[in-house]
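Computed over heavy atoms, backbone and side chain alike; hydrogens, waters and symmetry mates excluded. Ligands are counted one by one from 1 in listed order, and the atoms in each one are counted from 1 as well.
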Amino acid sequence: MPSWPLDLADGFGRVHRDLRISVTDRCNLRCRYCMPEEGMPWVHRDEILTFEEIERVATLFVRRYGFTGIRLTGGEPTVRSHLPLLVGKLARLGVDLALTTNGSTLATTAGDLAAAGLRRVNVSIDSLRRDRFAEITKRDVLPQVLAGIDAARAAGLGPVKVNMVVMRGVNDDEIVDMAGFGRAAGVEVRFIEYMPLDAQHAWTGDAVVSRAEIVARVAAAFPLLDASVAGEEHDAAEPAERFRYADGLGGFGVIASVTEAFCDRCDRVRLTAEGKLRSCLFALEETDLRGPLRSGASDDDLAALIEAAVAAKWAGHAIGQPVFVQPTRGMSQIGG
Ligand code: SAM
Ligand code: SF4
């Protein structure tokens, strides 16, 4: 028997250490770049992995393959009942345990999540204008989200990061406002390029605001340290490229999945709410782990499935190239 942990490597030599777990495909918001206003055909509750099943898969990734990071996501992870119970189970694995959330429930859930062992949260906010926030998400909850950020910080779930999906003609006029908010609030804003993962398949390249444009707009308002200095901070496996303000008031990040894809240093795999393993956000194929989990598969059986799925991982997503095919599932069904 080989000694653990083993490197979970793909055919391009990329070693995987980061697991994204979607705990539900359901959500209380309807962000226009993610799901339609009428919602989605939700997965039946019996088909969603139980906390014990999630714990078993996560334990395998951590113990056998040395995974160091787990992020819970969805859908909206905080709408899953008793989420702190799962957090408690995963916290025992001793990894960097984080959560991506729309923040709307954090004012009431942050304390329990932190007490259960959650370490950090990323909160998504696409507009600081209440009416526009409601227009984008179809729910008038910006005040609750801002209160949620305060609650997360008070609970020790920091450093809190704020994710903003930038869309041309929708919210790109708020790039500088959002950067200013981050500076004033002491949170790191991460601007995300709009990706073709909306369930409506309405994405067009014209709606993408590039990393270059985002950085130029922020830098024009708040001078940055030399780009080469910012580059030195770039953690190889971290999708966000980080920049620092020249006046020392923190920094911001850009996730340039479209214009400067980071597939060559990708170290993550994803588990969907119903137990499908995805080796890429844009993968067109998935490996079912729920069936084997429910029919008595051993850890070695599961490991063989995981290793085969990762071995078959492709080089990259090819957005913008003629060969690109948008996955049929949207972001909320995959787990962003
Ligand atoms: N509901 C939680 C939230 O909104 O933070 C977690 C799930 S959400 C699918 C995870 C992240 O994906 C969010 O930051 C969201 O803004 C981002 N996202 C969703 N659809 C996207 C798209 N088409 N392009 C880029 N980012 C997207
Ligand atoms: Fe829900 Fe998050 Fe998708 Fe918005 S981005 S609809 S909050 S899952």
A student checking ligand 1 against Gly74 at a 4.0 Å heavy-atom cut-off should list atoms 7 (C), 9 (C)

| said: Tell me whether Val43 shares a hydrophobic cluster with Leu277, the cluster being built from Ile, Leu, Val, Met, Phe, Trp, Tyr side chains joined at under 4.5 Å. | reply: no

Filtering Ser104, Gly335, Gly330, Gly75 for the heavy atom nearest atom 8 (S) of ligand 2 leaves Gly75

Test item: Ser279 and Asp10 side chains (from C-beta on) under 4.5 Å apart, heavy atoms:
no

Q) Under a 4.5 Å cut-off applied to non-hydrogen side-chain atoms, are Pro196 and Ile319 in contact? A) yes

protein heavy-atom neighbour closest to atom 13 (C) of ligand 1 works out as Ser124 OG, 3.3 Å

Original post:
Looking only at heavy atoms of Glu193, does any of them come nearer than 4.0 Å to an atom of ligand 1?
Top reply: yes

Is atom CZ of Arg139 surrounded by more than 12 heavy atoms (other residues, nucleotides or ligands) closer than 6.0 Å?
-> yes

State whether the shortest distance between N or O atoms of Asp126 and N or O atoms of ligand 1 falls below 3.5 angstrom.
no

re atom 21 (C) of ligand 1, the protein heavy-atom contact at minimum distance is Tyr33 CD1, 3.4 Å

Exercise. Taking the side chain as every heavy atom from C-beta outward, state whether Arg80 and Ile48 have any pair of such atoms under 4.5 Å apart.
Key: yes

for atom 26 (N) of ligand 1, nearest protein heavy atom and its distance come out as Val165 CG2, 3.4 Å

When rounded to the nearest 0.5 Å, the distance separating CZ of Arg168 from OG1 of Thr204 is 10.0 Å

Under 4.0 Å from one or more heavy atoms of Met35, ligand 2 contributes atoms 6 (S)

Atom 2 (C) of ligand 1 sits nearest the protein heavy atom Glu76 OE1, 3.4 Å

Value for NZ (Lys276) from CD1 (Ile334), rounded to nearest 0.5 Å, stands at 13.5 Å

Numbered in order shown, the ligand 1 atoms found under 4.0 Å of a heavy atom of Tyr194 are 23 (N), 24 (N)

* Asked: Do any of the N/O/S atoms of Cys34, backbone or side chain, fall under 2.8 Å from atom 3 (Fe) of ligand 2?
  -> yes

Here the atoms of ligand 2 under 4.0 Å from any heavy atom belonging to Cys31 are 4 (Fe), 5 (S), 6 (S), 7 (S)

Phe191 side chain near Val215 side chain, heavy-atom distance below 4.5 Å:
no

For ligand 1, which is the ligand I care about here, please tell me if Thr101 has any N or O atom under 3.5 Å from one of the ligand's N or O atoms.
yes

- Before accepting this row, confirm whether a basic side-chain N of the pair Asp25/Arg329 lies closer than 4.0 Å to the acidic partner's carboxylate O. no

How about Glu285: does its CD atom have over 12 heavy atoms from other parts shown lying under 6.0 Å from it? no

**Asked** Taking both backbone and side-chain atoms of Gly75, is any N or O found less than 3.5 Å from an N or O belonging to ligand 1?
**Response** yes

CD1 (Ile192) and CD1 (Ile214) are apart, to the nearest 0.5 Å, by 9.5 Å

Under 4.0 Å from one or more heavy atoms of Cys27, ligand 2 contributes atoms 1 (Fe), 6 (S), 7 (S), 8 (S)

Q. Should Met35 and Cys27 count as side-chain neighbours, where that means a heavy-atom distance under 4.5 Å?
A. yes

Atom 9 (C) of ligand 1 has as its nearest protein heavy atom Met331 CG, 3.3 Å

Under 4.0 Å from one or more heavy atoms of Asn102, ligand 1 contributes atoms 2 (C), 3 (C), 5 (O)

**Asked** Is the number of heavy atoms from other residues, nucleotides or ligands within 6.0 Å of CD (Glu38) greater than 12?
**Response** yes

Discussion item. Below 3.5 Å, N or O to N or O, backbone or side chain included: is there any such pair between Thr100 and ligand 1?
Written reply: no

Practice item. Output yes when the distance from some N or O of ligand 1 to some N or O of Met195 is under 3.5 Å, and no in every other case. Key: yes

Ligand 1 to Thr73, heavy atom cutoff 4.0 Å, flagged ligand atoms 6 (C), 7 (C)

What I want to know is whether Asn163 and ligand 1 share at least one N or O pair that is separated by under 3.5 angstrom. yes

